[in-house]
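I have placed the structure first, in the form of structure tokens, so that the comments after it can refer back to it.
In the text below, chain A, chain B and the rest are named by the order of the sequence lines, each starting its count at 1.
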Protein chains: 2
Amino acid sequence: MCIERGLKMTGQRRLIARVLSEAEDHPDVEELYRRASALDARVSVATVYRTVRLLEEKGILERRDFGGGRARFDPADRGHHHHLIDVDTGTVIEFADAEHDALARTIARRLGFDLVQLRLEIFGRKAPAKRG
Amino acid sequence: MCIERGLKMTGQRRLIARVLSEAEDHPDVEELYRRASALDARVSVATVYRTVRLLEEKGILERRDFGGGRARFDPADRGHHHHLIDVDTGTVIEFADAEHDALARTIARRLGFDLVQLRLEIFGRKAPAKRG
DNA sequence: CTAGCTGCAAACTATTTGCGAATTT
DNA sequence: AAATTCGCAAATAGTTTGCAGCTAG
């Protein structure tokens with residue numbers, strides 16, 4: 001994840017990259033800043049914003065929007081996947097589904113388009129256990 | 001669409017409601033304001049924002065986010081559907097797909113959730129004509 | 001008449017940016 | 001040493017809101 005392409009490897013970037021790769025969730029900038037600051041207080045929000053934008057442009061990070069007004073981030077190297085958001089807790093579960101993707105491609109084609117990107121978000125509520 | 005529920009029917013609201021019901025696309029606030037102003041210059045952006053929020057709370061309008069930082073709006077009475085966004089022009093095409101919905105429900109269940117809401121957005125680019 | 005609405009401009013929130021100082025290569 | 005990058009604070013963009021006047025019911 002730290003293989004750079006023409007960028008200077010500063011302490012701040014190293015730090016932010018580390019926080020990102022260790023994150024299992026999909027943190028927003030504020031959260032990234034909070035975590036980074038906890039490890040080394042010499043980072044500013046501006047740098048987090050700049051780094052995150054840089055990584056996005058380099059294709060290392062993907063910007064997501066799950067509502068709430070803040071952008072959330074997802075490392076691009078974790079493969080193609082969608083999200084299931086628990087409406088009660090806000091927890092995000094990742095999943096992949098090839099059948100779904102194929103279907104979307106078919107729909108796009110039917111409408112005369114080539115699929116560029118697919119965004120599937122399922123908002124759900126934990127189902128009550130069937131027994132037990 | 002104009003059946004109100006405990007709201008005063010002011011000229012501005014009537015105007016905005018009309019612009020909304022006549023819109024075939026998914027306009028953002030700025031666009032709504034532009035169209036409303038063209039019909040009657042005595043509207044302010046603030047009122048458009050307030051009205052749109054009011055209608056959303058009443059369940060008459062649905063707020064969407066297709067990227068680009070601005071909220072876009074969709075009358076709720078047009079039935080369940082998804083969106084295909086033309087990445088080059090920003091045009092939004094609506095479509096419904098029962099097969100897709102069923103599949104999403106299955107996926108949710110597999111993960112232990114009941115489906116509450118489904119958001120499917122296909123970003124595509126106009127496919128070059130195969131012939132002619 | 002009165003509760004509720006409107007316009008204006010100031011306030012907010014998330015994000016970007018200009019600039020001089022600090023760092024990386 | 002040269003080019004980047006950083007932190008700060010001011011600037012943006014979209015949206016919300018306080019207040020005094022206006023209007024529907």
Side-chain angles (χ1 to χ4, degrees), chain A residues 2-20 25-58 60-74 90, chain B residues 2-20 25-58 60-74 85 90 92:
Chain A
C2 290
I3 342 149
E4 292 297 319
R5 30 257 259 188
L7 304 177
K8 287 196 179 179
M9 233 321 157
T10 65
Q12 289 87 326
R13 286 190 184 160
R14 206 181 298 277
L15 177 61
I16 295 168
R18 179 172 147 208
V19 169
L20 276 166
D25 48 354
H26 300 70
D28 55 33
V29 169
E30 193 183 333
E31 182 60 29
L32 287 173
Y33 175 58
R34 201 194 323 281
R35 295 182 195 175
S37 297
L39 298 178
D40 186 337
R42 281 168 300 182
V43 220
S44 71
V45 225
T47 299
V48 178
Y49 273 107
R50 277 193 273 238
T51 303
V52 128
R53 162 170 284 263
L54 213 54
L55 295 180
E56 187 192 357
E57 283 165 3
K58 296 292 178 183
I60 299 173
L61 257 194
E62 274 170 25
R63 182 183 299 257
R64 303 281 179 182
D65 170 29
F66 299 146
R70 304 135 104 100
R72 298 177 65 172
F73 297 87
D74 209 355
Chain B
C2 290
I3 342 149
E4 290 298 320
R5 26 259 261 187
L7 303 178
K8 285 196 179 180
M9 234 322 158
T10 65
Q12 289 87 327
R13 287 190 183 159
R14 205 181 300 276
L15 177 61
I16 295 168
R18 180 172 147 209
V19 170
L20 276 166
D25 47 356
H26 299 69
D28 56 33
V29 169
E30 193 183 332
E31 183 58 31
L32 287 174
Y33 175 58
R34 201 193 325 280
R35 295 182 194 174
S37 298
L39 299 177
D40 184 337
R42 281 168 299 182
V43 221
S44 70
V45 225
T47 298
V48 178
Y49 273 108
R50 277 193 272 238
T51 303
V52 127
R53 163 169 283 263
L54 213 54
L55 295 180
E56 188 193 357
E57 283 165 3
K58 296 292 179 185
I60 298 173
L61 258 195
E62 273 170 27
R63 180 183 302 257
R64 303 281 179 183
D65 170 28
F66 300 145
R70 304 133 103 101
R72 298 178 65 170
F73 298 87
D74 207 357
I85 299 99
V92 176

Residue pair A:E62 / A:F73, side-chain heavy-atom distance below 4.5 Å = no
Over how many whole Å does the gap from B:Y33 atom OH to D:dT15 atom P extend?
-> 15 Å
All heavy atoms of A:Y33 vs all of A:V43, minimum pair found to be CE1-O, 3.4 Å
Options C:dC8, D:dC6, D:dC8, nucleotide nearest the side-chain atoms of A:Q12 = D:dC6
Taken to the nearest whole Å, CG/A:L15 to P/C:dT23 is 15 Å
When you get a sec, tell me which of D:dT5, C:dC8, D:dT16 is the closest nucleotide to the side chain of B:R50?
-> C:dC8
Between B:G11 and B:V29, which has a closest nucleotide on DNA chain D that is more 5'?
-> B:V29
Toward the 5' end of DNA chain D, by each residue's nearest nucleotide, A:A46 or B:A46 = A:A46
Using atom CG of A:L32 as one end and atom C1' of C:dT15 as the other, report the distance to the nearest whole Å.
-> 14 Å
Are side-chain heavy atoms of B:V92 and B:R72 found at a separation under 4.5 Å?
-> yes
What does A:R53 touch in the nucleic acid at a heavy-atom separation under 4.0 angstrom: a base, only the sugar-phosphate, or nothing?
-> sugar-phosphate
Does some side-chain heavy atom of A:M9 sit less than 4.5 Å from a side-chain heavy atom of A:R14?
-> yes
Name every residue in residues 37-44 of chain A that has at least one heavy atom under 4.0 Å from any atom of DNA chain D, in order of residue number, or write none if there are no such residues.
-> A:R42, A:V43, A:S44
Using whole Å, report how far CD1 of A:I16 lies from P of D:dC6.
-> 7 Å
Integer-rounded Å distance: D:dA3 P and A:L7 CG | 17 Å
May I ask you to decide if A:K8's main-chain N or O and A:R13's side chain share a donor-acceptor pair within less than 3.5 Å?
-> yes
Provide, to the nearest angstrom, the distance between the CG atom belonging to A:L55 and the C1' atom belonging to D:dT5.
-> 14 Å
Whole Å only: how far is the CZ atom of B:R13 from the P atom of D:dA24?
-> 12 Å
Nearest-angstrom distance from the residue atom CD of A:E57 to C1' of C:dT15 | 14 Å
Which of the following nucleotides, D:dT23, D:dT17, D:dA9, is nearest to the side chain of B:K8?
-> D:dT23
Within the structure, does a side-chain N or O atom of A:Y49 lie under 4.0 Å from either OP1 or OP2 of C:dT15?
-> yes
Phosphate oxygens OP1/OP2 of D:dT4: is one of them under 4.0 Å from a side-chain N or O of A:T10?
-> no
Sorted by chain and residue number, the salt bridge (Lys or Arg N to Asp or Glu O under 4.0 Å) partners of A:R34 (sequence neighbours excluded) come out as A:E30, A:E31
Residues which pass ring-ring contact (aromatic ring centres under 6.0 Å, His included) with B:F66, listed by chain and number, not counting sequence neighbours | B:H26, B:H83
